[in-house]
There are 2 protein chains.
Amino acid sequence: MARTGANVQTDVDRILEAIVYLYTESRRVTKESARAHGLTGPQVTALKILEGFGTLSLSELGARMSAKSSTVTGLVDRMERDGLVRRRRSPDDRRVIHLEPTPAGAALAASIPVTAMEVFQGALTSLSKDDRAELTRILSILAERVRVEIDRRENLGD
Amino acid sequence: MARTGANVQTDVDRILEAIVYLYTESRRVTKESARAHGLTGPQVTALKILEGFGTLSLSELGARMSAKSSTVTGLVDRMERDGLVRRRRSPDDRRVIHLEPTPAGAALAASIPVTAMEVFQGALTSLSKDDRAELTRILSILAERVRVEIDRRENLGD
DNA sequence: CGTCAAAGCTTCGCGTGCTAACTATCCGCT
DNA sequence: AGCGGATAGTTAGCACGCGAAGCTTTGACG
């Protein structure tokens, strides 16, 4: 274990801790902003995605939100209940359900600024330009590596 | 809006997306590892923290897990039900409840490798040493800035 | 000494989020 | 045509996770 030295583990810990913190806070901030409009965080996320695409299937929405289909079902149930979106069965493929915002949902989406992450924007702009670019670059690499690693494991494990 | 230019928003988006992805995956991996021992992710986290400290109050545990007290209550309820920890009222301050792992809980904690984040270790060690150091440095700054920004907002808002 | 705000936990209600199991539909292959 | 696996959604059951409201205990302050 720890072939590469103990300080790697320290970095892992620090990075993980920072990521967890940043994620938690980003969700909290989003939630707070959503709340001001009578919505929840995921609902705003979904509405904003729909606003961009107009119509999406449940699975497409789920993919863009990194959520499983059963989660999306529940989310959409509540959004439909609250008159934000409408389900419509696809004529092409009867398994598929298309989702579109209602006028009310669309209006609400438009009224919510994308600045749910103002806090991050503030923090990120306070970084130097170089640091920001570096962060983007390295995080992208990291995400890609993790993706690959997970794929590898799944193909081994099963 | 976007006083500082559109490419900042792009960076924010990319960084946020990467963070969400990494967080989601880290939780998934942790959960999977926990599952193999019949536990949930947060339960492992709590046990591991308790393993390090021996005894903690509920609020101290909550602080270390970034969880609210009502969340901790439920988590500890289930862990107590499953014989992993024990609640004990503090003699000094009768509001406080001390938490300690049962022998079974302690044994379980010891048997679970900290390597729930093996995937990350793999990905991170595949980064160059410099990139890893850079990432740690920048993320730390970012987390600190966000912390400050949030404090600032809370003192303004209220 | 009494009051009263604050701290520590719990309870309740709600909204995620996941896995497992199930239904309906589609599609490839024979 | 029809079998059989894959795909899209739903349902059920569980564990978080949070905010609001409530309880007990503490400690500060008049």
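Residue numbers begin at 1 in each chain, while the letters A, B, ... track the order of the sequences. Quantities reported herein were computed from a predicted structural model and do not represent experimental measurements.
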Residue mapping more 5' on DNA chain C - nearest nucleotide basis, A:Pro42 or A:Arg89: A:Pro42
Rounded distance in Å - CG (B:Leu39) to P (D:dC16): 10 Å
Charged N-O contact under 4.0 Å between A:Arg86 and A:Glu80: no
Side-chain heavy-atom pair B:Arg64, B:Phe53 within 4.5 angstrom cut-off: yes
Of A:Glu60 and B:Ser66, the one whose closest DNA chain D nucleotide lies more 5': A:Glu60
Sugar-phosphate only, base, or nothing, as touched by A:Arg87 at under 4.0 Å among non-hydrogen atoms: sugar-phosphate
No-H, no-angle donor-acceptor pair, A:Ser70 side chain to C:dT19 base, under 3.5 Å: yes
N or O in side chain of A:Thr71 less than 4.0 angstrom from C:dG17 OP1/OP2: no
A:Thr73 side chain to A:Ser69 backbone, donor-acceptor under 3.5 Å: yes
Gap between atoms CG and P, on A:Asp92 and D:dA8 respectively (whole Å): 14 Å
Integer-rounded Å distance: D:dA8 P and A:Leu61 CG: 14 Å
Between C1' of C:dG15 and CG of A:Asp82, the distance in whole Å: 11 Å
Distance, rounded to the nearest Å, where B:Glu32 contributes CD and C:dC18 contributes P: 13 Å
Short side-chain N/O contact from B:Arg81 to OP1 or OP2 of D:dC14, under 4.0 Å: no
Touch class at under 4.0 angstrom, heavy-atom based, for A:Arg35 against every strand present: sugar-phosphate
Separation of C:dT23 C1' from A:Ile97 CD1 (nearest whole Å): 13 Å
Minimum-distance nucleotide to A:Gln43 side chain [options: C:dT16, C:dC9, C:dC26]: C:dT16
DNA chain C: 5'-proximal contact among A:Thr40 and B:Asp93 (nearest heavy atom): B:Asp93
B:Arg95 side chain, from C-beta outward: closest of D:dA15, C:dC9, D:dT26: D:dT26
Candidates C:dC9, D:dG9, C:dG15 - which lies nearest the side chain of A:Arg78: C:dG15
Donor-acceptor pair under 3.5 Å, A:Arg94 side chain vs C:dT25 base: no
Whole-Å distance separating the NZ atom of B:Lys68 from the P atom of C:dT10: 17 Å
Side-chain ion pair, A:Arg137 and A:Glu134, N-O less than 4.0 Å: yes
Protein-nucleotide distance (B:Asp77, atom CG; D:dA15, atom P), rounded to Å: 11 Å
Pairwise 5' ranking along DNA chain D for A:Lys31 and A:Ser69, keeping only the more 5' one: A:Ser69
Polar side-chain atom of B:Thr102 near backbone of B:Leu84 as donor-acceptor pair, under 3.5 Å: yes
Electrostatic pair A:Arg87-A:Asp77, nearest N-O below 4.0 angstrom: yes
Sugar-phosphate only, base, or nothing, as touched by B:Ser59 at under 4.0 Å among non-hydrogen atoms: sugar-phosphate
